[in-house]
Amino acid sequence: MNYNVDSNGYYGNFGGAYIPEMLYPNVEELRQRYLEVMNEPDFKVTFDKLLRDYVGRPSPLYFASRLSEKHGARIYLKREDLNHTGAHKINNTIGQILMARKLGKKRIIAETGAGQHGVATATVCALMGMECVVYMGEIDIARQAPNVARMKMLGATVRPALSGSRTLKDATNEAIRDWINNPVDTHYIIGSAIGPHPYPDMVTRFQSIISEEIKWQLKEKEGRENPDYVIACIGGGSNAAGTYYHFLDQPEVGIIAVEAAGKGIHSGESAATSILGKEGIIHGCKTLLMQSEDGQITEPYSISAGLDYPGVGPMHAHLYTSGRGEFYSATDDEAMHAGLELAKLEGIIPAIESSHAFAVFNHKNFKKDDIVVISLSGRGDKDLDTYINYFNL
Amino acid sequence: MNRIEKKLQEDKKLLSIYFTAGYPQINDTTDIIQSLEKEGVDLIEIGLPFSDPLADGPTIQQSSTDALKNGMSTAVLFEQLKDIRKTVSIPLIIMGYFNPILQFGVEEFCKKCHEIGIDGLIIPDLPVDVYKREYQALFEQYGLFNIFLITPQTSDERIRFIDAVSNGFIYMVSSASVTGAKSEFGNTQESYFKRISDMDLKTPQIVGFGISNATTFQAATKYAHGAIIGSAFIKCLNEKGITGIPDFIGSIR
Ligand SMILES: Cc1ncc(COP(=O)(O)O)c(C=O)c1O
């Protein structure tokens with residue numbers, strides 16, 4: 001089976017570009033040009049150079065000995081938390097801002113939930129001297145104040161999304177509306193492996209540096225390129241897509257996804273999209289999404305603002321329904337305790353999104369010599385308030 | 001003959017009105033339709049509300065949110081419309097986003113529309129190529145026209161392609177923007193309207209987005225066959241309710 005995007009922009013039954021005609025010229029231009037641009041020698045050179053000198057790549061692959069001892073497996077952490085701006089998000093924004101420049105765009109828009117993608121976008125816009133507008137749900141603006149301040153300091157305009165539930169999905173709607181209103185000079189930097197084709201594939205390719213590095217790093221450390229498992233948390237699925245990419249066609253590598261179960265999968269306050277979702281269309285993409293019987297998109301919930309998206313990228317919908325991926329979901333409580341455990345055992349405070357990946361040990365037992373690579377997608381600085389309140393620190 | 005096609009043969013500039021089903025009150029649907037027909041409106045677009053209307057501005061977003069809160073759904077709308085052809089003969093079009101239709105089942109949806117006497121559909125996020133590949137046969141089986149959008153950014157080549165697939169009319173989006181009322185159009189719109197008119201398409205064009213009053217209606221219909229008013233009508237319903245309809249329609253032409 002093919003787990004990558006096909007020539008029509010689908011992963012199995014999922015993907016495509018279900019967009020209003022107003023967006024067609026921009027999305028079509030991107031579709032026609034993204035692969036060609038990404039393969040231009042000067043694009044590659046600039047991208048690689050920025051990832052190295054500006055982002056700080058390669059990010060370490062760290063053998064977590066105490067965590068390994070505790071859970072009985074050989075656990076490696078892919079340290080995306082050590083990237084500039086503190087998460088994997090910047091791999092994608094560096095790629096997309098270079099793409100935007102190649103396409104002659106002058107103005108950048110983005111959506112953000114936790115603010116990580118907003119910060120990563122504002123950062124590359126500052127770097128390139130481009131105008132930047134970030135849409136963020138009014139509720140998220142209140143719960144992620146430090147990231148709002150960062151974006152402002154970086155020169156971005158943060159516009160509150162006041163419609164609907166005033167969180168990530170509404171911020172995405174507002175960004176799409178902005179793009180409809182500004183069809184000529186603007187590029188939309190989507191922050192996850194979601195949206196109309198070619199976005200899921202383009203974002204995945206920019207994030208695929210994660211698994212590219214894992215391969216040679218693991219070869220150095222263990223004498224083999226392929227781990228037994230790769231594990232990542234999934235919001236829209238960009239860190240996961242990057243972590244899986246070079247292993248998709250290696251059946252000996254198990255692919256594990258951890259979604260946010262919020263207060264419990266069936267509590268009505270959850271973001272466990274693959275389990276609760278049905279096939280449908282969100283933000284221009286056919287995928288699994290949480291919706292009512294009548295096809296209205298429902299509001300997800302997670303303690304982590306970066307995971308409460310009601311859909312999942314089309315690659316992951318395909319990995320789930322084809323059985324290639326193993327999907328688990330972790331509750332708020334499980335994630336918070338997994339985050340605390342990582343802090344205590346390894347001296348690393350993870351983003352709460354990433355903490356969900358570490359809750360995998362509540363759901364799956366590994367063999368002692370299994371080599372398990374976990375994507376540590378971001379650091380916990382932005383979440384300190386949540387940790388403080390939760391644990392009464 | 002499809003009612004839309006027949007209407008388009010009349011020698012006049014058509015006035016089409018959009019409203020969101022279930023707004024302002026859940027049971028206003030049939031009253032609004034009857035009142036619009038009585039006031040001489042030519043076409044009606046019944047908006048099936050969606051939680052995430054990507055192509056809509058604040059007015060229609062709000063009416064959609066309110067309608068959903070009022071309990072509107074695909075099943076409720078079909079129930080309200082089931083006897084509508086006993087009282088009106090005006091062409092009726094359902095305008096809605098694709099996901100609720102997909103969940104209802106596209107074939108089942110088309111079948112229901114056919115039973116009720118709906119003449120056409122506007123589904124902004126169902127792209128023309130997907131329609132052609134997967135759904136055109138079904139729509140035709142149930143006698144439904146599917147109306148496509150074009151915008152000032154749509155290339156001539158694509159307009160020709162859309163023209164070839166279209167029946168009824170082409171929905172000409174007035175400017176690069178989401179829905180919402182404007183008080184006037186500028187030179188850019190005028191030259192765009194003229195450019196499209198000069199293309200001599202087989203399918204008539206009706207202009208939508210940004211039409212709110214007699215001035216914008218006249219400007220939009222100088223070249224095109226008609227114009228659609230949405231947000232401005234919703235505002236009228238919000239302020240004056242159904243009783244405000246005669247004055248509103250009277251003020252347009
Ligand atoms: C640190 C971190 N991890 C993961 C995510 C979830 O996004 P994705 O599923 O696209 O990796 C976010 C989103 O904000 C994040 O900030």
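Order of the sequence lines fixes the chain letters, A, B, ..., with proteins taken first and strands second; residue numbering starts at 1 for each chain. Quick caveat, the model's predicted, so the values are computed rather than measured.
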**Request:** Heavy-atom pairs under 4.5 Å with chain B are the metric here; pick the option from L162(A), I281(A), T298(A) that has the most.
**Result:** I281(A)
**Message:** Looking only at heavy atoms and a cut-off of under 4.5 Å, which of E279(A), Q291(A), K278(A) has the most pairs with chain B?
**Reply:** Q291(A)
Measure distances from [X] to the heavy atoms of chain A and classify the residue's part below 4.5 Å as side chain, backbone, both or neither.
| X | value |
| --- | --- |
| I101(B) | neither |
| D56(B) | backbone |
| P49(B) | backbone |
| L102(B) | side chain |
| Q153(B) | both |
| T65(B) | neither |
| F98(B) | side chain |

**Prompt:** Quick one: what part of I297(A) sits under 4.5 Å from any heavy atom of chain B, side chain, backbone, both or neither?
**Reply:** both
More than 12 heavy atoms of other residues, nucleotides or ligands under 6.0 Å from [atom1] of [X]: yes or no?
| X | atom1 | result |
| --- | --- | --- |
| N187(B) | CG | no |
| R101(A) | CZ | no |
| K111(B) | NZ | no |
| E157(B) | CD | no |
| K105(A) | NZ | yes |
| E293(A) | CD | no |

So, taking the atom named [atom1] in [X] and the one named [atom2] in [Y], what distance separates them when rounded to the nearest 0.5 Å?
| X | Y | atom1 | atom2 | answer |
| --- | --- | --- | --- | --- |
| R133(B) | N8(A) | CZ | CG | 6.0 Å |
| D125(B) | M22(A) | CG | CE | 10.0 Å |
| D294(A) | L77(B) | CG | CG | 10.0 Å |

**Asked** Are there residues of residues 177-187 of chain A that reach to under 4.5 Å of chain B by heavy atoms, and which ones?
**Response** R177(A), I180(A), N181(A), P183(A), V184(A)
**Item:** Salt-bridge present (E21(A), R158(B); N to O < 4.0 Å)
**Value:** yes
Could you tell me which non-hydrogen atom of [X] sits nearest to which non-hydrogen atom of [Y], and how far apart they are?
| X | Y | answer |
| --- | --- | --- |
| F50(B) | G295(A) | CE1-O, 3.3 Å |
| S163(A) | Q61(B) | CB-OE1, 3.2 Å |
| P100(B) | Q296(A) | CG-NE2, 4.2 Å |

**Prompt:** Is there side-chain contact between T154(B) and Y24(A), with at least one heavy-atom pair below 4.5 Å?
**Reply:** no
**Asked** Is there a side-chain contact between N99(B) and L289(A), using heavy atoms and a 4.5 Å cut-off?
**Response** yes
**ring pair (Phe, Tyr, Trp, His ring centres under 6.0 Å) pairs, two or more places apart, involving residues 159-183 of chain B** = Y171(B)-F209(B)
**Prompt:** chain A: which of V130(B), L68(B), L126(B), V173(B) shares the most heavy-atom pairs with it under 4.5 Å?
**Reply:** L68(B)
